[in-house]
Amino acid sequence: MTTHPAPPVAAPAAVLPISRLRARTAGLRDRATTRSAAGYALEALVAFLAALILPISVRHLRLDPLDRIGQVSGLAALQLRFALVGIVLIAVLMAALRLRGSRHFPLIVRLSCAAAAGLASGFVAGGAVISLLGTPWPMFGLNGDSGRIVEWSSLVAHGHSVPPEALVYPPGPLYTLGYYAEWFRGGNTAYAFKDLQILGAAITGPLAYLCWRLVLSPIRALAFGVLPAFAVIDAYKPYSATVLIMLVPVLAAMVRELSKSATQRWTPVVLKGAAFGIVLGVLFLTYSGWFVWSAAGVFAAAAIFFPWRTGLLKGAGFLSATVVAFAVVAGSYTVTLLQQSATTVDKNFSFDTKTDPAYFLMWRTDMPGKVTQWPLPGELGGIGLFAIVLFVCLGICVWLGMRKPFVVTVVCMFASAWVMRMYFASEMFSTQTVQLWLRTDNQLLYCALILGGLAVHLVARELSKRDKLPSPQTAVIGAFVGLLFLFGSVASSMSDRYMPAKENTYKILPWVSHTVTELNGKCPTYAPNHTCSKDGDQSWQQLLQ
């Protein structure tokens with residue numbers, strides 16, 4: 001029997017040494033990182049440009065902002081511009097889905113979501129522009145918080161000493177306003193503050209979107225991060241709300257990176273830790289209050305996801321780099337804040353100090369207007385459907401998201417704010433101080449709304465594993481269309497909140513701005529009866545009696 005030799009086994013075309021294989025893999029990773037960074041930068045550019053469209057487009061509207069018909073016309077003009085740009089974005093999305101096999105669809109989704117985030121907060125900024133048409137003054141003129149901020153920023157920028165109460169105020173807004181006034185307003189911090197109120201409101205959406213993009217996809221960042229931000233967005237002092245909106249995703253991203261530190265090299269571990277420390281330091285210098293309510297929850301989340309077994313040293317290195325970078329940026333202010341905190345007390349017993357402390361679902365501000373029974377009675381033991389849905393979503397997040405760092409971090413921040421709120425409220429009678437516990441309303445509501453969105457996200461993920469959902473691309477377009485309508489509605493409502501009116505609500509802030517004498521001695525264009533004064537119309541305070 002003749003036997004034939006087995007055919008030779010073909011050798012692979014090329015056998016790469018391990019070192020070259022690792023180098024090629026690293027090169028691919030670097031290129032992917034570069035593309036990702038470029039895409040993120042492009043999203044940022046689109047978001048910030050979109051945020052300026054509506055404020056700029058309504059600067060020259062011909063209407064009286066103190067007349068209710070004029071206000072409604074202004075809101076409709078904003079809504080029309082918002083709708084037209086939204087239609088363009090939807091058309092671009094539909095075209096990207098059909099052309100070239102949807103090759104560019106992911107990029108178009110990223111840019112469209114970024115533009116929507118900018119447009120939404122730009123709507124609120126446009127509302128502020130309309131409410132202040134004809135007056136150079138910021139909201140509330142030189143009264144209240146506006147007056148203190150304008151005064152302190154002028155002192156800080158010119159190197160003068162400030163009163164003791166200014167030492168504990170976050171220096172970020174004061175220096176920003178002072179230098180902006182020097183560069184663009186000839187040192188006039190009062191008129192400059194109006195600009196920053198508008199710009200601050202405009203960039204809230206882009207900043208929220210970009211921070212949430214650290215942990216979520218574009219459409220989810222828009223839905224679960226940016227949309228809830230409109231429950232707390234503020235055009236009067238935009239920096240405080242913006243810090244809260246940014247702080248939640250930044251801390252969630254930090255805990256997630258801490259959980260992955262064991263599998264990374266030392267260089268990225270240290271660099272990422274330092275980057276988070278710098279960002280947190282800047283946020284702390286801008287507004288420090290949210291850090292107090294969040295600290296315990298963040299420590300708990302970090303302890304849960306710390307790589308105790310597999311990367312103890314790298315986890316410690318990550319946190320050390322974060323702490324050192326934070327200390328470099330905000331260490332001096334932190335020391336000052338701790339030294340002054342013992343003598344700084346809050347005795348502002350306003351409307352909300354008499355509200356059930358367990359109620360946080362809507363903040364009526366310390367100028368609530370006409371109120372009968374508050375909070376309004378609900379259907380289940382005094383609790384309404386909105387609260388029930390939010391707490392059910394909280395339970396779903398605990399159920400389905402306990403292995404996800406960013407979900408657990410938000411849950412812990414909610415719990416931390418709740419406990420701190422009850423502690424300070426429980427001490428209110430014995431100390432006769434409020435200590436800002438009312439401001440936890442914003443953090444509790446924002447975190448609760450985020451958890452509501454995350455609950456939908458987690459349930460959708462479970463259904464997608466069972467092929468129970470339609471095409472993800474069409475789902476993205478459907479979600480985008482729905483979100484645009486939501487943004488247009490909530491942004492209009494928040495803009496209407498600041499339309500001038502002589503009543504005990506936030507509407508009084510721009511009303512007073514129209515009654516303050518300008519620096520040239522003239523009255524603002526739409527001053528009622530063409531009369532004005534140094535402090536503006538303060539007769540609204542009779543409504544408090």
Side-chain angles (χ1 to χ4, degrees), residues 22 25-26 29-30 32-34 36-37 40-41 207-208 210-217 221 225 243-288 290-335 337-338 397 401-417 443 447 450 454:
R22 288 177 177 172
T25 303
R29 188 186 304 115
D30 291 341
T33 302
T34 301
S36 178
Y40 188 81
L207 290 175
L210 294 172
C211 287
W212 277 105
R213 283 289 286 119
L214 297 174
V215 291
L216 294 173
S217 64
V243 169
L244 169 62
I245 293 166
M246 297 175 63
L247 185 63
V248 177
V250 168
L251 290 175
M254 185 188 73
V255 173
R256 188 185 67 173
E257 291 300 323
L258 173 64
S259 69
K260 300 190 300 183
S261 60
T263 60
Q264 298 176 346
R265 294 177 298 173
W266 271 104
T267 299
V269 166
V270 174
L271 291 178
K272 288 179 181 180
F276 279 109
I278 293 172
V279 173
L280 291 174
V282 172
L283 293 178
F284 189 79
L285 291 176
T286 306
Y287 193 80
S288 56
W290 312 119
F291 287 79
V292 177
W293 317 123
S294 305
V298 175
F299 286 146
I304 292 171
F305 290 99
F306 189 88
W308 297 102
R309 296 182 180 179
T310 58
L312 181 62
L313 290 178
K314 288 185 177 179
F318 178 90
L319 292 179
S320 298
T322 302
V323 172
V324 170
F326 177 87
V328 170
V329 175
S332 177
Y333 171 61
T334 303
V335 172
L337 193 63
L338 293 174
C397 287
M402 284 305 294
R403 295 181 181 273
K404 299 183 180 299
F406 74 94
V407 176
V408 174
T409 302
V410 178
V411 171
C412 288
M413 291 179 68
F414 178 90
S416 175
Q443 180 164 331
C447 288
I450 292 169
L454 292 177

Return all side-chain donor-acceptor pairs below 3.5 angstrom for residues 292-300, not counting sequence neighbours, or 'none' if the list is empty.
{"unit_1": "Trp293", "atom_1": "NE1", "unit_2": "Gly289", "atom_2": "O", "d": "3.4"}
{"unit_1": "Ser294", "atom_1": "OG", "unit_2": "Trp290", "atom_2": "O", "d": "2.8"}
{"unit_1": "Ser294", "atom_1": "OG", "unit_2": "Gln443", "atom_2": "OE1", "d": "3.4"}
{"unit_1": "Ser294", "atom_1": "OG", "unit_2": "Gln443", "atom_2": "NE2", "d": "3.0"}

Taking all non-hydrogen atoms of both residues, which atom of [X] and which atom of [Y] are closest, and how far apart?
X	Y	value
Ala302	Leu258	O-CD2, 3.7 Å
Cys211	Val250	SG-CG2, 4.0 Å
Ala208	Ile245	CB-CG2, 3.2 Å
Val248	Cys447	CG2-SG, 4.3 Å
Val215	Ala252	CG1-C, 4.3 Å

(Q) So, using salt bridge (Lys or Arg N to Asp or Glu O under 4.0 Å) as the criterion, who are the partners of Lys314 when residues are at least two apart? (A)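 Applying salt bridge (Lys or Arg N to Asp or Glu O under 4.0 Å) to Lys314 gives none.
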Q: Please name all residues satisfying salt bridge (Lys or Arg N to Asp or Glu O under 4.0 Å) with Lys272, sequence neighbours left out, ordered by chain then number.
A: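 Lys272: salt bridge (Lys or Arg N to Asp or Glu O under 4.0 Å) contacts with Glu257.
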Q) Got a sec, which pairs hit salt bridge (Lys or Arg N to Asp or Glu O under 4.0 Å) with one end in residues 318-335, sequence neighbours left out? A)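 Non-adjacent pairs meeting salt bridge (Lys or Arg N to Asp or Glu O under 4.0 Å): zero.
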Q) Distance-only, no hydrogens or angles: does the Ser416 side chain make a donor-acceptor pair with backbone N or O of Met413 under 3.5 Å? A)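 Not confirmed, Ser416 side chain does not pair with Met413 backbone.
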Q) Under 3.5 Å, side chain of Thr310 to main-chain N/O of Pro307, donor-acceptor pair present? A) no
Sub-4.5 Å side-chain heavy-atom contact between [X] and [Y]:
X	Y	answer
Val269	Ser261	yes
Leu283	Phe291	yes
Leu312	Phe306	yes

Q | Sole candidate of Phe414, Trp212, Phe406 that passes side-chain contact (heavy atoms from CB on, under 4.5 Å) when paired with Ile450 | A |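 The passing option is Trp212.
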Q: Measure the spacing between OG1 of Thr409 and CZ of Arg256 and express it to the nearest 0.5 Å.
A: 10.5 Å
Q. For the atom pair CZ (Phe276) and CG (Leu319), what is the distance rounded to the nearest 0.5 Å?
A.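 Answer for the CZ-CG pair, Phe276 versus Leu319, is 11.5 Å.
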Q: Given side chain to side chain contact (heavy atoms under 4.5 Å, CB included), test Ile304 with Val408 step by step and report yes or no.
A: CA-CA 9 Å; Ile304 292 171; Val408 174; 4.1 Å; yes
Just list the side-chain donor-acceptor pairs under 3.5 Å for residues 321-334, sequence neighbours left out, or say none.
{"unit_1": "Thr322", "atom_1": "OG1", "unit_2": "Gly273", "atom_2": "O", "d": "2.9"}
{"unit_1": "Thr322", "atom_1": "OG1", "unit_2": "Phe318", "atom_2": "O", "d": "2.9"}
{"unit_1": "Tyr333", "atom_1": "OH", "unit_2": "Val168", "atom_2": "O", "d": "2.7"}
{"unit_1": "Tyr333", "atom_1": "OH", "unit_2": "Ser288", "atom_2": "OG", "d": "3.4"}
{"unit_1": "Thr334", "atom_1": "OG1", "unit_2": "Ala330", "atom_2": "O", "d": "2.7"}

Q: Apply side chain to side chain contact (heavy atoms under 4.5 Å, CB included) to the pair Leu247 and Leu280, showing each step before the final yes or no.
A: CA-CA 8 Å; Leu247 185 63; Leu280 291 174; 3.7 Å; yes
Q) Residues two or more places apart in sequence or in another chain: which of them pass side-chain contact (heavy atoms from CB on, under 4.5 Å) with Ala415? A)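 side-chain contact (heavy atoms from CB on, under 4.5 Å) check on Ala415 returns nothing, list empty.
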Q.
Let's go through Leu313 and Trp266 carefully: what are the C-alpha distance in whole Å and the side-chain angles of both, what is the deciding distance for side chain to side chain contact (heavy atoms under 4.5 Å, CB included) to 0.1 Å, and is it a yes or a no?
A. CA-CA 10 Å; Leu313 290 178; Trp266 271 104; 4.0 Å; yes
